Amino acid sequence: VLDLSQGLAGPYCSMLLGDLGARVFKVEPVEGDWARQLEPRQGRHSAVFLALNRNKASVAVDRHTPEGRAIIQRLASKADMVICDETPKQATACGYDYATLSTLNPNLLYGSLTPFGEHGPWAERAASELMVCWRTAACAAGCWPTCAGDGACWRRASRPPASTGRPAIRAGPRWCGNTWTGRTSA
């Protein structure tokens, strides 16, 4: 399995596959997966990142250079599955969209994790699981993210915080401040 994803949803998927015995190769951007910054910490490392990326070999690749694209395409040509959480336009621009990779490996399974689908007016918007929950459920409930730094990110005027349901993955106690520092998909 070639894991090109960052954050929570994609790494969770490839973690499960690794737990079931798949060999998983994670390709991170040179600055690292944004989940490395999440709380809580296990020493100097994000406990969330460590948990979601167990059973994986990892390499940092500059995806925007021809050399980086060639590395990803070479890995994909030998993989059974690719997990990607880029928007369709970003994946195409970097040369690791399904159309490109399937010409190199016709038997390739391609898991595309997009927050708002591959088509439609929001297809190119990047988002995290929290943003998707907010966009789909909290708006209907009248809740808005405040993220004032006090840990209370969801508020409704003159009422206690409203729940949008249970997210598939809880990343820890801090959702505000510096925890959302990169582009993500859910």
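In this text, all values refer to a predicted model and were calculated from it rather than measured experimentally.
Nearest heavy atoms, R69 versus H64: NH2-O, 3.0 Å. Taking all atoms of both residues into account, the shortest heavy-atom contact from A79 to L108 is O-CD1, 3.7 Å. Shown here for G7 and A35, the closest heavy-atom pair between the two residues is O-CB, 3.7 Å.
Residues L8 and L38 have side chains in contact (heavy-atom distance under 4.5 Å, counting atoms from C-beta outward). Side-chain contact between T100 and Y96 is absent, with no heavy atoms from C-beta onward closer than 4.5 Å.
By the criterion of side-chain heavy atoms lying less than 4.5 angstrom apart, applied directly or through intervening Ile, Leu, Val, Met, Phe, Trp or Tyr residues, V30 is not grouped with V59; the two fall into different hydrophobic clusters. Cluster annotation: V24 and L50 are assigned to distinct hydrophobic clusters (Ile/Leu/Val/Met/Phe/Trp/Tyr, side-chain heavy-atom contacts under 4.5 Å, transitive). Two different hydrophobic clusters hold L75 and M81 under the rule that ILVMFWY side chains link at heavy-atom gaps under 4.5 Å. Linking Ile, Leu, Val, Met, Phe, Trp and Tyr whenever their side-chain heavy atoms come within less than 4.5 Å puts V27 and Y98 in one cluster. Both Y12 and W34 are members of a single hydrophobic cluster when ILVMFWY side chains are connected at heavy-atom separations under 4.5 Å.
Note that CG of N105 is 12.0 Å distant from CD of Q73, once rounded to the nearest 0.5 Å. With rounding to the nearest 0.5 angstrom, the OG atom of S102 is 10.0 Å from the OH atom of Y110. The structure places OG of S112 at 11.0 Å from CD1 of I83, a figure rounded to the nearest 0.5 Å. Put simply, CG on L2 and CZ on R74 are 12.0 Å apart, with the number rounded to the nearest 0.5 Å. To the nearest 0.5 Å, atoms CG (L101) and CG (L109) are separated by 12.5 Å. Rounding to the nearest 0.5 angstrom, the gap separating the CD atom in Q6 from the CG atom in L52 is 12.5 Å.
Remark: R41 CZ is packed, more than 12 non-hydrogen atoms of other residues, nucleotides or ligands lying under 6.0 Å away. Applying the 6.0 Å contact sphere to CD of Q42 captures no more than 12 heavy atoms from other residues, nucleotides or ligands.
Applying the side-chain hydrogen bond (donor to acceptor under 3.5 Å, both in side chains) test to every pair with at least one member in residues 50-59, sequence neighbours left out, gives these pairs: D3-K56, S14-K56, D19-R54, D19-N55, K26-N53, E28-S58, N53-K56.
Remark: side-chain polar atoms of E124 are paired, donor with acceptor, to backbone N or O of K89 under 3.5 angstrom.
Partners of R63 by salt bridge (Lys or Arg N to Asp or Glu O under 4.0 Å), not counting sequence neighbours, listed by chain and number: E86.
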